[in-house]
Asks: 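Below is a structure I'd like to ask you about.
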Amino acid sequence: AGCASPRKAVIVSATPVPFVDVIADDTLGCAGMIVNFKTNATTGATYSWSFTGGTPASSALYTPAPVKYNTAGNNRWAYLTVNMLGCKNKDSVSISVKPVPNAKYTVNSAEGCSPVNVKITNTSTYANGDIFDWDFDNGTTSNLKDPPPLVYTATGTDSIYKINLI
């Protein structure tokens, strides 16, 4: 008969990779925007948030404090790495921060005898995709970047109209 060596049991432990997702309540806004992040990641792990261009820049909490983005730029990233017993998983979301628009315009003539012809020149600083909301205080509005010329007519002794670009 043969010789047999005693067998030792080996315990193998397989830890599942933790689940991770990053959820932002807003991913597009203007400089100064505040974003609230949350996750449905595996609980009981360690969490490492990183906010590119945000304040605060990082967090180790499951639900981090709100993050403020003061500087415009695309591809501002929020990352979350979840570590559960040495097994890591990562997720991210892109945050696009646009510059704050600066609504400015000039008019060629703001007063005169009725009817007054007014040409508005938009000198605003804006980003592609910005929406223009003009109110000419005469019952008309426009969403064009450069509104058409207007004619203002006196309705009484003196008529005052306020042009607004929002």
Asks: Tell me every residue that passes side chain to side chain contact (heavy atoms under 4.5 Å, CB included) with Asn83, counting only those two or more places apart in sequence or in another chain.
Replies: Thr46, Lys88

Asks: Within a strict 4.5 Å, meaning less than it, do heavy atoms of the Val22 and Thr39 side chains meet?
Replies: no

Asks: Rounded at 0.5 Å granularity, tell me how far OG1 in Thr125 sits from NZ in Lys104.
Replies: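 Those atoms lie 7.0 Å apart.
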
Asks: Hey, does Ile163 have a side-chain heavy atom less than 4.5 Å from the side chain of Ile120?
Replies: yes

Asks: Below 30° counts as parallel, above 60° as perpendicular, anything between as tilted: where do the rings of Phe37 and Tyr69 land?
Replies: perpendicular

Asks: In Å and rounded to the nearest 0.5 Å, what is the CZ to OG1 distance from Phe19 to Thr42?
Replies: 7.5 Å

Asks: Aromatic rings Tyr161 and Tyr152: how do their planes relate, parallel, tilted or perpendicular, breaks at 30° and 60°?
Replies: tilted

Asks: Please find the pair of heavy atoms, one from Asn36 and one from Pro66, that lie closest to each other, and give the distance.
Replies: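 It is OD1-CG, 3.2 Å.
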
Asks: Do Asn102 and Ser124 have a side chain donor and acceptor closer than 3.5 Å?
Replies: no

Asks: Distance from Trp134 atom CH2 to Leu150 atom CG, nearest 0.5 Å?
Replies: 9.5 Å

Asks: Counting distance only, does the side-chain N/O of Ser114 pair as donor-acceptor with the main-chain N or O of Ala154 below 3.5 Å?
Replies: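 Yes, the answer is positive, given that a donor and an acceptor are paired below the 3.5 Å cut-off.
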
Asks: Is there side-chain contact between Tyr79 and Thr52, with heavy atoms separated by less than 4.5 Å?
Replies: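 Yes. Closest side-chain heavy atoms under 4.5 Å.
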
Asks: Does a side-chain heavy-atom distance below 4.5 Å link Trp49 with Leu61?
Replies: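 No, every pair of side-chain atoms sits at 4.5 Å or beyond.
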
Asks: Heavy atoms, side chains only, cut-off 4.5 Å: are Leu144 and Phe132 in contact?
Replies: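 In short, these two side chains do not touch, never coming nearer than 4.5 Å.
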
Asks: Any idea which heavy atoms bring Val82 and Tyr47 closest together, and the distance?
Replies: CG2-CD2, 3.8 Å

Asks: Would you confirm whether the ring centroid of Phe51 sits within less than 6.0 angstrom of the ring centroid of Trp77?
Replies: no

Asks: Of the non-hydrogen atoms in Pro64 and Tyr62, which two are nearest, and what is the gap between them?
Replies: CD-O, 3.7 Å

Asks: Could you grab the distance from atom CG of Asp21 to atom OG of Ser92, nearest 0.5 Å is fine?
Replies: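 That separation rounds to 11.5 Å.
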
Asks: Could you tell me if the side chain of Met33 sits less than 4.5 Å from the side chain of Asn70, heavy atoms only?
Replies: no

Asks: Just wondering, more than 12 heavy atoms not from Tyr126 lying within 6.0 Å of its OH?
Replies: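 At most 12 heavy atoms, drawn from other residues, nucleotides or ligands, come within 6.0 Å of this atom.
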
Asks: Under the salt bridge (charged side-chain N to carboxylate O under 4.0 Å, His left out) rule, what pairs show up with a residue in residues 119-144, not counting sequence neighbours?
Replies: Lys98-Asp130

Asks: Which atoms form the tightest heavy-atom contact between Ala24 and Ile95, and what is the distance?
Replies: CB-CD1, 4.2 Å

Asks: Once rounded to the nearest 0.5 Å, what's the spacing between atom CG of Asp146 and atom OG1 of Thr121?
Replies: 7.5 Å

Asks: Between Cys87 and Pro18, is any pair of side-chain heavy atoms under 4.5 Å apart?
Replies: yes

Asks: Val116, Val107: one ILVMFWY side-chain cluster at the under-4.5 Å cut-off?
Replies: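 Looking at the clustering, Val107 is in the same group as Val116.
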
Asks: Which atoms form the tightest heavy-atom contact between Thr15 and Met84, and what is the distance?
Replies: CG2-O, 3.9 Å

Asks: Kindly indicate whether the side chain of Asn40, heavy atoms from C-beta on, has any atom under 4.5 Å from the side chain of Ile23.
Replies: yes

Asks: What distance do Asn122 atom CG and Lys145 atom NZ have between them, rounded to the nearest 0.5 Å?
Replies: 6.0 Å

